[in-house]
Protein chains: 2
Amino acid sequence: MARLSDMIEEFIKALLEESNGQLELQRNELADYFECAPSQINYVLATRFSLDRGYYIESRRGGGGYIRIIRLDMDSNDYIMYLLKERIGNRISQQAAEDIIHHMLDKGIITERESLIMKAAIQDKGIGIPTSLKDNVRASIMKAMLTTILKLRN
Amino acid sequence: MARLSDMIEEFIKALLEESNGQLELQRNELADYFECAPSQINYVLATRFSLDRGYYIESRRGGGGYIRIIRLDMDSNDYIMYLLKERIGNRISQQAAEDIIHHMLDKGIITERESLIMKAAIQDKGIGIPTSLKDNVRASIMKAMLTTILKLRN
DNA sequence: GGTTATTGACTTTCTTTGACTTTCATTTTT
DNA sequence: AAAAATGAAAGTCAAAGAAAGTCAATAACC
């Protein structure tokens, strides 16, 4: 039972592929095409095309409005440095960490197997301690793994 | 009069047979089919399709949700099963964990890169919390990663 | 009597929808 | 020409819907 959101995600990714990582679309048009509420498009953008997943969104309202989706393309080493120095502080949610791992896989920094091992390591369920500390422990683990990956690349 | 749980177990096993050891199902659908409470399905999964018995379960909630059941190849994975069931309890030292990872690398179960990522994830330094809990957290993480690897080797 | 099954109420997670708001461009009034 | 009205977008947020999870109470079976 394919989810609508997944179909829209695939559709947008195919368009991005064709158009070299950047595209503009009309929210209502797309909603019409998929016969859904316009706000469904926002949901897909928020959950599947977030910054952590490596996309940047710009838009404009009013007549002639649009939504522009940009696939970010940073050098992999720079990206990992950015994650270590800026993105991950001393706490990070499971969702955000998963999105980052997803993105690293997308960029070919890690293999699929590696991505699954990493996701296992940062799971709430995996980290068996008080919720208040989970995000902190997760941040530490994530940074330790990223540091290792960075080393591997140099 | 065979017990309901046994019937459901048989049913799922037959499906697994047909589908080469991996299948996806809808909890409510199956519960409807057997005219039982949905939570009965969870009971069957917990008691008959546990990791101990060689199955791995994944699921997702919400619209388009599912339950995925994966039959693991117990024979070729007996070392990992041993680790999960016997060797690693609810605590493990960094040294012991590293030894295990090293051994898995030696046996060709994981790649060198994977071994380094795993070691990063279970380092004392990686896990930034009170020493008293470190060994417990490490055990959880280790088991989560091993479980994932089990699935990968299927 | 103790273990194993079954059920149901409640919770959590993820998705979809719709009502309402904001922003911008164009057209109409004054 | 400036101001006001209109219409055409996109944004927000909360409610409804669609699954699966949890847990404790009861029931059934050795």
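Residue numbers start from 1 in every chain, and the chains themselves are labelled A, B, ... in the order their sequence lines are given, proteins ahead of strands.
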Set of side chain to side chain donor-acceptor pair (under 3.5 Å) partners for A:R71, sequence neighbours left out: none

Nearest-angstrom distance from the residue atom CD1 of A:I67 to P of D:dA9: 12 Å

Length of the CD-P vector between B:E24 and D:dA20, whole Å: 10 Å

Estimated bend of the helix from C:dG1-D:dC30 to C:dT30-D:dA1 (axis per five terminal pairs, rounded to 10 degrees): 10°

Closest to side chain of B:S59, choosing from D:dG21, C:dT6, C:dT15: D:dG21

Kindly give the atom pairs (protein nitrogen or oxygen, nucleotide nitrogen or oxygen) under 3.5 Å for nucleotides 3-8 of chain D.
none

Whole angstrom value for the distance that separates P of C:dT17 from CG of A:L4: 6 Å

Whole-Å distance separating the CD atom of A:E9 from the P atom of C:dT15: 10 Å

Co-members of A:Y66 in a cluster of I, L, V, M, F, W and Y side chains, linked at under 4.5 Å: none

Upstream residue (5' side of DNA chain C) when B:R60 and B:R48 are each assigned their closest nucleotide: B:R48

Sub-4.0 Å heavy-atom contacts from residues 34-42 of chain A onto DNA chain D, ordered by number: A:S39, A:N42

Sugar-phosphate only, base, or nothing, as touched by B:R68 at under 4.0 Å among non-hydrogen atoms: nothing

Electrostatic pair B:K151-B:E58, nearest N-O below 4.0 angstrom: yes

B:F34: ring pair (Phe, Tyr, Trp, His ring centres under 6.0 Å) partners, not counting sequence neighbours: B:F11

Salt-bridge present (B:K13, B:E17; N to O < 4.0 Å): no

Value in whole Å for how far the P atom of D:dA18 lies from CD of B:E29: 14 Å

Whole-Å distance separating the OH atom of B:Y66 from the P atom of D:dG21: 11 Å

Exercise: do B:N42 and B:S39 side chains pair donor with acceptor under 3.5 Å: no

Phosphate contact (C:dT6 OP1 or OP2) by B:Y43 side-chain N/O below 4.0 Å: no

B:R3 side chain, from C-beta outward: closest of D:dA9, C:dT15, C:dT6: C:dT6

Residues A:H103, A:Y55; criterion ring pair (Phe, Tyr, Trp, His ring centres under 6.0 Å); working and verdict: CA-CA 9 Å; A:H103 182 24; A:Y55 298 90; 7.4 Å; no

B:E24/B:R68 ion pair, N-O < 4.0 Å: yes

Whole angstrom value for the distance that separates C1' of D:dG21 from CG of B:N28: 12 Å

